Amino acid sequence: MASVVVVGTQWGDEGKGKIVDLLTRYADYVVRFQGGNNAGHTLVVDGKQYIFHIIPSGVLYPDKTCVIGNGVIIDPGVLLKEMAELAGRGITVAPKQLLISGNAHLIMPYHQRLDQAREASLTREKKIGTTGRGIGPCYMDKVGRAGMKVGDLLDPALFHDKLQAAVEEKNFVLTRQFGAEPVDYAAIAGQFDEFAAQLAPYVGNVSVVLDQARKEGKNILFEGAQGTQLDIDHGTYPFVTSSNTIAGNACIGSGFGPVHIDEVIGILKAYTTRVGEGPFPTELPEGDPIGDTLQQKGHEFGATTGRRRRCGWFDAVVASDAVRLNGLTGFAVTKLDVLSGLNKLKIATRYEVEGQTWTHMPENIRKARLARPVYEEVDGWNAEIRAVRSFDDLPAAARAYLRRLEDLTGVAPAIVSVGPDREETLLLRNPFAV
């Protein structure tokens, strides 16, 4: 029996979906523990592409139990649409396959309206780059003790009472502060009554179920969203998401005791990308031939938003931050194949900020913006590697590149992805074999 946490180590979009899909083979439960539908996981299985926004990607395995923890915030319309789309592809999500925490909070229509209104009110240099899906305002209500929970849907009197009070407050802010149109209580109430009827069979106590699974010797896989540098406490604040993305939140966001975690695998893209605003020391500007090659060859567009990802060289400072913050026991290196064909590769080993050397991301956002990477250059390789199925068969320069990443971070790769398909993966060490 083992419990394994998978997290992103950069700014998200590292390819967590594929790695979670691979490790799900060995798991009995797959648990999403934070974030909302502002994140997406893309999988390619037998040439077919699947994009998930809320449902754990383990749903492609009919014999696994997928779990949405209390740390996730849920837009019921998006969740039900995702389930309907899967059904249209022959994958029916039955209640025995999906468990939703009654303590997970709901994204309400007024959250989306507030999110969009606030972002629109900011000047260009102050914009966060939010997706406008209501994530931030929903988490604000959660910590402000004014949120709506999934469990509230099962108690119509409680839900309608809380909704009435929320609509009155939010309409005041929408109309008086932002000059926006108000939301309609009756329309929301009717819509969410329908959601309640459809979701009720899936709702339960996630903490109790996971604890029982642990006692029965089941393997549990915890699936994070976004990346370490987007963590609300430890990322490049304020250009972050609204939840804790690091491994410690796997326990808080699911009600699972931290002493029961056995492995933490960090997903590490072989180069670096970022979506939205915020510091990105190793970024190659749009129009740079290598940056454009990474963007095009790596298909670097957001799975949820479709936004173009900013691309840059590998950043060992960011990777080392992830090792420390998450307590990583192994890396899953993704998109190594995208680097094939580049004669020389660069790795940022430290930053220079106002004449000083930094080996971690500055907490001060002004200094983070000023950080200039100090690079070392290593040899690249020309051979395509998508057909490679063992570490020893990789080109010598590719093996050397991976070993250099290990030297700089102190953590060895456990998994190496050499292509987008499920089978294009080298499993060097199975974290469930503990």
Side-chain angles (χ1 to χ4, degrees), residues 4-20 22-23 33-35 39-42 221-237 239-241 243-250 261 263-276 278-283 294 298 300 303 309-336 338-339 347-351 359-361 368 371 373 401-402 404-417 425 428-429 431:
V4 177
V5 179
V6 170
V7 293
T9 61
Q10 297 156 318
W11 280 281
D13 306 309
E14 299 97 347
K16 291 181 291 297
K18 177 187 173 179
I19 303 304
V20 169
L22 171 73
L23 294 178
F33 61 85
Q34 53 79 216
H41 290 168
T42 302
L221 177 62
F222 294 87
E223 170 185 355
Q226 287 110 2
T228 297
Q229 289 293 336
L230 291 177
D231 186 275
I232 187 69
D233 286 304
H234 302 286
T236 48
Y237 187 91
F239 301 98
V240 292
T241 192
S243 62
N244 289 108
T245 61
I246 62 173
N249 199 29
I261 299 298
E263 292 261 5
V264 182
I265 301 298
I267 314 304
L268 187 70
K269 192 178 288 186
Y271 48 100
T272 312
T273 63
R274 177 167 196 167
V275 171
F280 183 1
T282 65
E283 179 176 14
L294 296 175
E300 295 297 352
R309 295 176 187 146
R310 300 152 64 190
C311 296
W313 292 115
F314 183 84
D315 190 330
V317 176
V318 165
S320 296
D321 278 354
V323 172
R324 182 185 73 254
L325 291 166
N326 293 287
L328 298 182
T329 58
F331 278 125
V333 180
T334 60
K335 295 199 173 183
L336 186 67
V338 175
L339 298 181
I347 300 171
T349 59
R350 61 189 186 277
Y351 301 150
T359 56
H360 62 271
M361 180 68 72
Y401 184 73
L402 292 172
R404 186 57 183 148
L405 303 191
E406 179 180 351
D407 291 341
L408 290 167
T409 62
V411 175
I415 301 168
V416 178
S417 173
T425 314
L428 308 182
R429 180 177 68 83

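Residue indices begin at 1 and follow the sequence shown. Only a predicted model underlies this, so the values are computations on that prediction, with no experimental measurement involved.
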Original post:
Can you list the steps and then say if Leu402 with Val333 is a side-chain contact (heavy atoms from CB on, under 4.5 Å)?
Top reply: CA-CA 8 Å; Leu402 292 172; Val333 180; 3.9 Å; yes
**OP:** Would you sort out whether Thr245 and Gln34 count as a side-chain contact (heavy atoms from CB on, under 4.5 Å), showing the intermediate values?
**Re:** CA-CA 7 Å; Thr245 61; Gln34 53 79 216; 3.8 Å; yes
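Under the rule for a ring-ring contact (aromatic ring centres under 6.0 Å, His included), the partners of Phe222 that lie at least two apart in sequence or sit in another chain are Phe256. Under the rule for a ring-ring contact (aromatic ring centres under 6.0 Å, His included), the partners of Phe280 that lie at least two apart in sequence or sit in another chain are Trp11. The side chain to side chain contact (heavy atoms under 4.5 Å, CB included) check on Leu22 picks up Arg25, Ile415, Thr425, Leu427, with sequence neighbours excluded.
Residues Glu406 and Pro413 are in side-chain contact: their nearest non-hydrogen atoms beyond the backbone lie under 4.5 Å apart. With contacts defined as side-chain heavy-atom distances shorter than 4.5 Å, the pair Asp231/Leu325 does not qualify. In this structure, the side chains of Trp313 and Ile347 stay at 4.5 Å or more apart for every pair of heavy atoms. Between Val338 and Leu294, some side-chain heavy-atom pair lies under the 4.5 Å cut-off. Using a 4.5 Å cut-off on side-chain heavy atoms (C-beta onward), Thr273 and Gln10 make no contact.
Checking Arg274, Arg309, Arg310 one by one against Glu283, the salt bridge (charged side-chain N to carboxylate O under 4.0 Å, His left out) holds for a single residue, Arg310.
A donor and an acceptor atom, one from each side chain of Glu263 and Thr329, are located under 3.5 Å apart. Side-chain atoms of Asp321 and Gln229 include a donor-acceptor pair closer than 3.5 Å. Side chain to side chain, Asn249 and Ser243 fail the donor-acceptor criterion of an N or O pair below 3.5 Å. For the residue pair Ser417 / Lys18, a side-chain donor-acceptor distance below 3.5 Å is found, with atom types taken as modelled.
The backbone N or O of Gly8 lies less than 3.5 Å from a partner atom in the side chain of Thr228, making a donor-acceptor pair. In this structure a side-chain-to-backbone donor-acceptor pair under 3.5 Å is missing from Glu223 to Val20.
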